[in-house]
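In this text, all values refer to a predicted model and were calculated from it rather than measured experimentally.
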Amino acid sequence: MAATSSWNFMVTPTKPSLWWKLSFLSPLTTVNVTRRQNRTAKGFVVFATVFLDPKPTVLVAEKLGEAGLELLKTFANVDCSYNLDHEELCTKISLCDALIVRSGTKVTREVFERSGGRLKVVGRAGVGIDNVDLSAATEHGCLVVNAPTANTIAAAEHGIALLTAMARNIAQADASIKSGKWQRSKYVGVSLVGKTLAVMGFGKVGSEVARRAKGLGMHVIAHDPYAPADRARAIGVDLVSFEEAISTADFISLHMPLTPATSKMFNDESFSQMKKGVRIVNVARGGVIDEEALVRALDSGTVVQAALDVFTEEPPSKDSKLVLHENVTVTPHLGASTTEAQEGVAIEVAEAVVGALKGQLAATAVNAPMLPAEILSELAPFVTLSEKLGRLAVQLVAGGRGVQSVKVTYASARGPDDLDTRLLRAMITKGLIEPISSVFINLVNADFSAKQRGLRITEERILLDGSPENPLEFIQVQIANVESKFSIAMSDSGEIKVEGRVKDGKPHLTMVGSFGVDVSMEGSLILCRQVDQPGMVGSVGSILGEENVNVSFMSVGRIAPRKQAVMTIGVDEEPSKEALKRIREIPAVEEIVFLKL
């Protein structure tokens, strides 16, 4: 830690600057001078601190691999203080420029507040950042980085280890023989050769599991809305819909992130669609499985075995029916627990932290950098519009084909040099990716994240006549080469197309496919294609009212009276599947889709 000394003294100002930085001849001494000025006084007090060591200080609050520590020590003073309680962390943090944690340390708003503005970067040695308050970090100008790639192989290998151990009853047979039994006939397993494995989530870990499963002679299919079809084909994997994947697989391996869209994705309904006797492996996130539903599926024989490395609550309770089930193999979240992976994570997070302290923007940054207030103020409503258009567009995509090509059109009276669209593009990317990903998208990592997923975003500008006072007239998002859940959303040229504007400071949806609409993009939406006829608004509204779903607005766009029309309904709550089914059964309704914004 840098040694410091402080003093107060009176000076008379000669220049109206609030901050001075004086460099002395010695390279080891820097004085930071701050003034507190009294408008009626001729002098003011200056508080000065002399730093006798120019190196920043990095607090490592949980165990980190030696290679990472050595890298940090080449640039910074490293304070390894493990097992700090919250108050001890808050006490130390004001003396630190960077903090490195794993999953066990909670980096709360109080930590950032107590840092006094000195904390510049938080490094998470791993993938998940649930233990870091991202909003507070951004508000305090602190970058948060993680290490998302170093444990890929370890996690994939652990998935395969659980797959094979489950198929051959390794854990159960081991426990049996250690208890003095010899039960060869009880633990007859199944072969992997020729069996179908469904990889749910075809990212880094999922694709590596697929490679290894192919080597074991398995037929591999996968479901992932963002996986490029050509990348899957390159390793002999077919991309299919969610329903096809779970209904045809002999083994299912989970590799999706935990998001609102994937929470308890594997539930009673999902298990009812699976082939009887299916086997499930989960080395992703515990919350993607409804654990009580899995127990019921195991008891009924729908799922004959499960192998789990992760749980909704960790550690799980000692009397957990799932953990104690005789057909379940469990490990204590060991996916990344290899010597090589731990060293790789240590190096990856150390490099990101050092780069951030040097002022470099890290590709693994998970929160947005601070932006000038005037830019945020002007673009704020368009930032919200951009994200919501991305979210809406991607939810209209159907089938197992990945989103690969997105075109964004900006209509403005401003020239290219007067309109920086990087933030808007980042927010569209955020809307496209975040609903099904654990990655946090911002201006720093948007392009990187899109590239990693094979998502190509092109931009086009339409120069309008008129006053350049308003930054944008409208934003249009088009997704090419995909099928749509809502056929009207397809443009005449075959792309899913949505368009929006800002009205009275609020984002509005103004076009779906070729249909003009005009609805506020607040809450969630129901889109309903229908025949234009009397009583439709009342019929749909009555069903939603009976289901206690509050309607914020309804709007109908039509081609002509008594012809085809699109009803857009704003709702405050998510309607049940039964409610949507009842609306769909109205004779004049041709199709319906619910969209979370």
Side-chain angles (χ1 to χ4, degrees), residues 158-159 162-173 175-176 186-190 192 195-201 206 209 221-223 240-335 436 547 574-581:
H158 195 62
L162 287 177
L163 180 77
T164 55
M166 175 177 63
R168 299 304 299 270
N169 301 300
I170 300 298
Q172 293 85 347
S176 172
K186 182 177 180 179
Y187 297 115
V188 174
V190 295
L192 300 180
K195 298 297 192 305
T196 297
L197 170 67
V199 176
M200 309 302 288
V209 166
I221 59 178
H223 171 71
V240 299
S241 68
F242 179 84
E243 290 74 17
E244 182 178 348
I246 64 174
S247 63
T248 59
D250 302 298
F251 291 80
I252 298 175
S253 188
L254 309 186
H255 302 286
M256 72 275 290
L258 178 60
T259 69
T262 62
S263 178
K264 295 187 177 180
M265 175 178 280
F266 292 85
N267 48 35
D268 288 314
E269 183 180 354
S270 301
F271 292 131
S272 69
Q273 299 176 49
M274 295 179 186
K275 181 188 296 186
K276 191 173 180 63
V278 71
R279 291 169 168 83
I280 295 177
V281 177
N282 188 10
V283 294
R285 289 290 184 267
V288 301
I289 293 179
D290 182 334
E291 293 181 348
E292 293 180 359
L294 178 55
V295 171
R296 290 191 287 272
L298 286 160
D299 289 341
S300 69
T302 299
V303 178
V304 72
Q305 285 181 300
L308 310 172
D309 185 49
V310 289
F311 307 89
T312 301
E313 179 184 341
E314 296 185 356
S317 62
K318 293 181 180 180
D319 60 351
S320 166
K321 291 182 180 180
L322 182 62
V323 172
L324 297 177
H325 202 287
E326 64 177 348
N327 293 331
V328 175
T329 300
V330 293
T331 52
H333 205 145
L334 298 179
I436 61 164
E547 294 284 337
E574 180 174 355
S576 66
K577 292 181 179 179
E578 179 61 28
L580 295 175
K581 180 182 177 184

Evaluation steps, side chain to side chain contact (heavy atoms under 4.5 Å, CB included), between L322 and E292: CA-CA 8 Å; L322 182 62; E292 293 180 359; over 6 Å; no
Donor-acceptor under 3.5 Å (T331 side chain, H333 main chain): no
Trace of the side chain to side chain contact (heavy atoms under 4.5 Å, CB included) decision for L192 with T164: CA-CA 8 Å; L192 300 180; T164 55; 3.6 Å; yes
Where at least one partner belongs to residues 259-270, residue pairs that pass salt bridge (Lys or Arg N to Asp or Glu O under 4.0 Å), sequence neighbours excluded: D268-R296, E269-K577
Other residues, nucleotides, ligands: >12 heavy atoms within 6.0 Å of K275 NZ: yes
Side chain proximity check, I280 to M274, heavy atoms < 4.5 angstrom: yes
Smallest separation among heavy atoms of V304 and N327, with atom names: O-CB, 3.4 Å
From CZ (R285) to CZ (F311), nearest 0.5 Å: 13.5 Å
Any I221 side-chain heavy atom under 4.5 Å of L197 side chain: no
Nearest non-hydrogen partners of P575 and L580, listed with the distance: CG-CD2, 3.8 Å
A198 versus A249, closest heavy-atom pair with distance: CB-CB, 3.5 Å
Spacing of F271 atom CZ and S300 atom OG [to the nearest 0.5 Å]: 9.5 Å
Within-4.5 Å side-chain heavy-atom neighbours: E326 and Q172: no
Residue pair R168, Y187: steps toward the side chain to side chain contact (heavy atoms under 4.5 Å, CB included) verdict: CA-CA 7 Å; R168 299 304 299 270; Y187 297 115; over 6 Å; no
Spatial distance of atom CG (D309) from atom CG (L334) [nearest 0.5 Å]: 5.5 Å
H255 side chain to S253 side chain, donor-acceptor N/O pair below 3.5 angstrom: yes
T259 backbone acceptor or donor facing T262 side chain under 3.5 Å: yes
Between CD1 on residue I289 and CG on residue N282, distance to nearest 0.5 Å: 4.0 Å
Euclidean distance, M166 CE relative to T329 OG1, rounded to 0.5 Å: 7.5 Å
Neighbour count above 12 (heavy atom, 6.0 Å) for K321 NZ: no
Distance-only donor-acceptor check, side chains S241 and H223, under 3.5 Å: no
L308: which of L294, V283, L162 passes side chain to side chain contact (heavy atoms under 4.5 Å, CB included): L294
Any residue meeting ring pair (Phe, Tyr, Trp, His ring centres under 6.0 Å) with F251, in chain and number order, not counting sequence neighbours: none
Short side-chain donor-acceptor distance under 3.5 Å, N169 and Q305: yes
Shortest non-hydrogen contact from E291 toward T312: OE2-N, 2.8 Å
Gap separating the OG atom of S270 from the CD atom of E243, nearest 0.5 angstrom: 8.5 Å
K195 backbone acceptor or donor facing D250 side chain under 3.5 Å: no
S247 versus Q273, side-chain donor and acceptor atoms under 3.5 Å: no
Closest contact, heavy atoms only, E547 versus A579: CG-CB, 3.4 Å
Audit row: S263, L258, side chain to side chain contact (heavy atoms under 4.5 Å, CB included) steps and yes/no: CA-CA 6 Å; S263 178; L258 178 60; 4.1 Å; yes
